[in-house]
Amino acid sequence: MASLLCPTSATVQQNHRVLCFSPLKSLSQVNHLSLTKRHKNTTERCNAFDLLQQSLSQFPVVKSEFESVTGELNEVQKWGFIVFAGLTWIYLTARPGVLVGAIDAYLLAPLQLGLDSLTGRRSLKRSDFLVGDKLGEGSFGIVYSGVIVPKNASLEDRLPKRGKAKKALVDDDRFKEKVILKKVKVGVQGAEECGDYEEWFNYRLSRAAPETCAEFLGSFVADQTNSQFVKGGKWLVWKFEGDRTLADYMKDRSFPLNIESVMFGRVLQGVESVKRNALIIKQILRQIITSLKKIHDTGIVHRDVKPANIVVTKRGQIKLIDFGAATDLRIGKNYVPNRGLLDPDYCPPELYVLPEETPSPPPEPIAALLSPILWQLNSPDLFDMYSAGIVLLQMAIPSLRSPAYLKNFNSEIKAVQYDLNKWRERTRLRPDFTILDLESGRGWDLATKLISERGSLRRGRLSAAAALRHPYFLLGGDQAAAVLSKFGF
């Protein structure tokens, strides 16, 4: 029985051993296969390139060719990335400056707002100013002289009775900080919108090109109605830098000699009167075009360049004012197709800063991204350059300073399709071209390249940068000596 049981027991044990160890062996094999497969997949994903190289190592010639091709691909990819980065940088920094504009909008503007709020420039009040004489009036606003009321002034000083305000401006030594105030007209269609845009553009240029315009101090809303204030009406305030515009100087028959000492700090010596006049006009025009170039570089087109909107400071600096009609074509600010805010006496033949078929601007980020293409296709800055050409003619040809003569000129120039040479041959106005004909007619040549129609590619007129490179702005020997004389050389 035992002998019979032993084999049975051994068999059972053997069977047991088979039964016990076979599953373990099977599980181990499964795990091994699973790990091998996982390793294989990982190896295939991570080291496919190495495996390919190992397999190619058996064929040296093929391996050499493979490494050469992959090296060339890596080099091409590297240069492709460099070229792409370079083109992207050029695009983002091209006029009107997508990158610079974004930095201004999302960094500099909030920073300026925070600093102005801390210093109180964004919380101006009516009682902070005394309003003086009326200096001028436009379609949407009235401009006054004024002063800042000292912080330690009494209530009576802050709110003087009628008639005492102007006396305080002249006689009271405490009121030393002069300002220019502009009252936005109430009840006039478009005036409030124009005032808001002018405020926005002044803040924008105070960051991007502060030397082109008067220093903007801020705005306030009148809190009550009296002789000059209307409750709820907006007022814009600038630091006083001069109360005479180029138009004021041009009304005087002695122009441009009446502005000579302002522009050069003294009366030029050793130059005959005609050449002195030409030199003064050249200095004024150079500053006008330089300012236009700077604002155009930011994507802004003024759209209302004329002598009345050009202030001459006491230091002989030219400042552009009245940005109510301006447009920022980087983001489409104050741009509406088929609408032009312009003076017909200074407006170019195209009438609109962009072609009439141009659609309304998309949201600002998209408009900014597309703006370099729009700018290159249409060159909207040339809109202002025509107006600058008219200003040049007015300064150099005395008869064109008369509003009636200017209207006749615009009628005649339109009839000859804005060809200034044809106009010169046919005009009945008998203008004096002496100043423009100096230096072999450089001034006249510049005028013809500013006052012209646009070509089919929206070109055909000098930009501000190109105008500044024109031979007209190269000084002759005697003129250079006259300019340097003011510095005491």
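Fair warning: this is a prediction, and the values are worked out from it, not measured in the lab.
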Answer yes or no: are there more than 12 heavy-atom neighbours, outside Gln417 itself, under 6.0 Å from its atom CD?
no
What I want to check is whether the side chains of Asn408 and Ser411 have a donor and an acceptor closer together than 3.5 Å.
no
Is there a donor-acceptor contact under 3.5 Å from the side chain of His296 to the main chain of Ser463?
no
So Tyr203 and Phe216, ring pair (Phe, Tyr, Trp, His ring centres under 6.0 Å) or not? Walk me through it.
CA-CA 7 Å; Tyr203 277 128; Phe216 187 60; 5.0 Å; yes
With a cut-off of 6.0 Å (strictly less than), are more than 12 heavy atoms of other residues, nucleotides or ligands near CD of Glu192?
no
To the nearest 0.5 Å, tell me how far Thr313 OG1 sits from Arg244 CZ.
13.0 Å
Are Asn334 and Trp200 linked by a side-chain donor-acceptor pair shorter than 3.5 Å?
no
Stacked cation flag Arg461 on Tyr386, 6.0 angstrom / 45 deg
no
Does the structure place the NZ or CZ of Arg303 under 6.0 Å from the centre of the six-membered ring of Phe383, at an angle of no more than 45° from the ring's axis?
no
Min side-chain heavy-atom separation Leu429-Ile397 under 4.5 Å
no
Please say which of Arg454, Arg95, Lys294 ends up in a salt bridge (charged side-chain N to carboxylate O under 4.0 Å, His left out) with Asp381.
Arg95
Quick one: does Lys282's side chain have a donor or acceptor within less than 3.5 Å of a partner on Tyr472's backbone?
yes
Quick test of your reading of the model: are Asp345 and Lys306 salt-bridged, counting only N-O distances below 4.0 Å?
no
Can you tell me how far CD of Glu412 sits from OG1 of Thr427, rounded to the nearest 0.5 angstrom?
3.5 Å
Drop me the distance from Phe255's CZ to Gln394's CD, to the nearest 0.5 angstrom.
9.5 Å
Tell me whether Lys182 is salt-bridged to Glu198, with the criterion being a basic N under 4.0 Å from an acidic carboxylate O.
yes
Using salt bridge (charged side-chain N to carboxylate O under 4.0 Å, His left out), reason through Glu260 and Arg266 one step at a time and then give a plain yes or no.
CA-CA 7 Å; Glu260 180 181 23; Arg266 58 182 294 180; over 6 Å; no
Report the C-alpha distance between Trp79 and Phe84 in whole Å, list the side-chain angles of each, state the deciding distance to 0.1 Å, and finish with yes or no for ring pair (Phe, Tyr, Trp, His ring centres under 6.0 Å).
CA-CA 8 Å; Trp79 281 107; Phe84 176 77; over 10 Å; no
Classify the ring geometry between Trp444 and Trp423 as parallel (under 30°), tilted (30 to 60°) or perpendicular (over 60°).
parallel
So, are Glu241 and Arg315 salt-bridged, with charged N and O less than 4.0 Å apart?
no
Side chains of Gln112 and Leu108: closer than 4.5 Å at any heavy-atom pair?
no
Electrostatic pair Lys125-Asp128, nearest N-O below 4.0 angstrom
yes
Is Arg126 close enough and on-axis enough to Phe229, meaning under 6.0 Å and within 45°, for cation-pi?
yes
